Amino acid sequence: HFSVRRRNIIVVADLGEAMIDQALADGVVRDVPILGSLLRVVRTGGAVRDYMFTKKVLGFLQRTAREPHAVRMAFLDRVGGPAERRKLGETLVLLLDRLDDMEKTDLLARIFIALVRGRVTYDQFRRLSGALDRIALTAVPELRRFYREPREGVTIAGEDLTHLASIGLVGMRFFPAGWDASTGGAFATTELGAQFLDVLESV
């Protein structure tokens with residue numbers, strides 16, 4: 001099994017060789033230490049733990065390697081010195097490793113690009129990527145409908161809406177419901193949910 005896994009990793013590395021070379025030369029992650037090292041490991045067909053993880057790394061790099069030089073340099077200045085860049089690289093590797101769907105690799109890259117462009121802060125990046133880690137992608141259409149159509153105030157919870165509320169992408173607003181002072185509630189928008197959808201649709 002190990003030999004098959006290693007062979008698969010090398011095949012992916014070979015297919016992505018030109019892309020990796022470009023990322024090493026031009027990509028924003030070149031100067032993030034952990035990812036720079038990981039790139040070189042993949043480049044040489046080295047001991048990356050897992051074929052699917054390798055695919056996620058390559059997909060992430062393909063999506064993030066296109067940012068202009070000035071934007072990358074401004075971002076790296078904001079990140080700080082080697083220790084801060086290493087911390088960011090470690091965070092990205094952990095996030096990529098946790099993703100349970102290959103489509104989420106592109107979505108994580110979009111959130112990271114928003115960070116690179118200064119559209120979100122590092123704390124917001126962590127909250128957004130945490131929501132991405134937990135969301136079931138089948139619920140994304142419901143998230144889009146809830147925010148793009150006049151649905152705030154809906155009180156009937158479908159499975160997807162309940163799921164979105166459990167991870168903070170949709171909120172709850174409570175209010176007195178009747179003469180006996182019992183309380184009711186309705187789903188409401190949240191800052192995190194609005195930002196999550198905006199980043200995924202505009203980057």
Side-chain angles (χ1 to χ4, degrees), residues 9 12-13 16 19-135 137 166-169 190-203:
I9 290 171
V12 173
M19 182 189 73
I20 293 171
D21 287 340
Q22 179 185 352
L24 282 171
D26 302 318
V28 66
V29 296
R30 181 194 62 183
D31 295 312
V32 179
I34 295 295
L35 286 184
S37 299
L38 187 59
L39 276 168
R40 291 171 177 84
V41 170
V42 177
R43 173 68 172 78
T44 57
V48 178
R49 184 183 75 237
D50 179 281
Y51 167 64
M52 295 305 293
F53 179 63
T54 307
K55 287 187 66 176
K56 287 188 283 188
V57 171
L58 294 178
F60 181 84
L61 294 173
Q62 186 175 38
R63 189 69 171 82
T64 58
R66 309 167 189 163
E67 292 303 290
H69 177 79
V71 174
R72 298 199 310 269
M73 293 302 101
F75 166 68
L76 292 172
D77 286 342
R78 293 196 306 274
V79 170
E84 290 79 9
R85 295 182 187 185
R86 176 170 292 275
K87 179 181 177 182
L88 175 61
E90 290 170 346
T91 297
L92 288 170
V93 169
L94 291 172
L95 288 169
L96 285 165
D97 190 45
R98 286 173 59 91
L99 295 182
D100 58 5
D101 191 299
M102 290 303 298
E103 187 178 341
K104 287 186 177 182
T105 302
D106 179 72
L107 302 182
L108 178 62
R110 291 172 187 243
I111 297 171
F112 180 67
I113 290 169
L115 175 66
V116 171
R117 295 178 181 176
R119 290 186 51 199
V120 302
T121 66
Y122 181 69
D123 287 342
Q124 290 170 332
F125 167 78
R126 293 296 300 268
R127 287 194 290 271
L128 291 167
S129 56
L132 176 65
D133 177 39
R134 297 173 61 194
I135 193 173
L137 292 183
S166 73
I167 57 179
L169 295 178
T190 66
E191 181 180 351
L192 179 65
Q195 188 175 52
F196 185 87
L197 190 59
D198 180 62
V199 167
L200 297 194
E201 291 187 341
S202 61
V203 171

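The basis for the numbers below is simple: all heavy atoms, side chains too, and nothing from hydrogens, waters or symmetry mates. Only a predicted model underlies this, so the values are computations on that prediction, with no experimental measurement involved.
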Would you give the length of the straight line joining atom [atom1] of [X] to atom [atom2] of [Y], rounded to the nearest 0.5 angstrom?
{"X": "Ile167", "Y": "Thr190", "atom1": "CD1", "atom2": "OG1", "answer": "9.5 Å"}
{"X": "Asp97", "Y": "Leu92", "atom1": "CG", "atom2": "CG", "answer": "12.5 Å"}
{"X": "Leu169", "Y": "Gln195", "atom1": "CG", "atom2": "CD", "answer": "11.0 Å"}
{"X": "Thr91", "Y": "Leu96", "atom1": "OG1", "atom2": "CG", "answer": "11.0 Å"}
{"X": "Phe75", "Y": "Leu115", "atom1": "CZ", "atom2": "CG", "answer": "4.5 Å"}
{"X": "Ile111", "Y": "Lys104", "atom1": "CD1", "atom2": "NZ", "answer": "10.0 Å"}

**Study point:** Exercise: identify the closest heavy-atom pair between Arg134 and Ser166
**Key:** NH2-O, 3.1 Å
Point to revise | Minimal non-hydrogen separation, Val79 against Glu84, with atom names | key: O-CB, 3.2 Å
Review point. Does Glu67 offer a backbone N or O that forms a donor-acceptor pair with the side chain of Arg117 under 3.5 Å?
Key: no
Review point. For Lys56, which of Asp101, Thr105, Leu95 qualifies under side-chain contact (heavy atoms from CB on, under 4.5 Å)?
Key: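 The residue from Asp101, Thr105, Leu95 that satisfies side-chain contact (heavy atoms from CB on, under 4.5 Å) with Lys56 turns out to be Thr105.
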Practice item. Pick out which of Val199, Leu200, Asp198 makes a side-chain contact (heavy atoms from CB on, under 4.5 Å) with Phe196. Key: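 Filter result, single survivor: Leu200.
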Exercise for review: Using a 4.5 Å cut-off on heavy atoms from C-beta on, say whether the side chain of Leu107 contacts that of Ile135.
Suggested key: no
Practice item. Check whether any side-chain heavy atom of Val116 sits under 4.5 Å from a side-chain heavy atom of Thr64, and report yes or no. Key: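 No; the side chains remain at least 4.5 Å from each other.
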Review point. For Arg126, does the CZ atom have more than 12 heavy-atom neighbours from other residues, nucleotides or ligands under 6.0 Å away?
Key: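 12 or below, so no.
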Exercise for review: Check the pair Arg66 / Ile113 against side-chain contact (heavy atoms from CB on, under 4.5 Å), numbers first and verdict last.
Suggested key: CA-CA 10 Å; Arg66 309 167 189 163; Ile113 290 169; over 6 Å; no
Review point. Where does the angle between the aromatic ring planes of Phe112 and Phe60 fall among parallel (under 30°), tilted (30 to 60°) and perpendicular (over 60°)?
Key: tilted
Exercise for review: Decide, yes or no, whether a salt bridge links Arg110 with Asp106 under the criterion of side-chain N to carboxylate O below 4.0 Å.
Suggested key: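 A salt bridge links Arg110 with Asp106.
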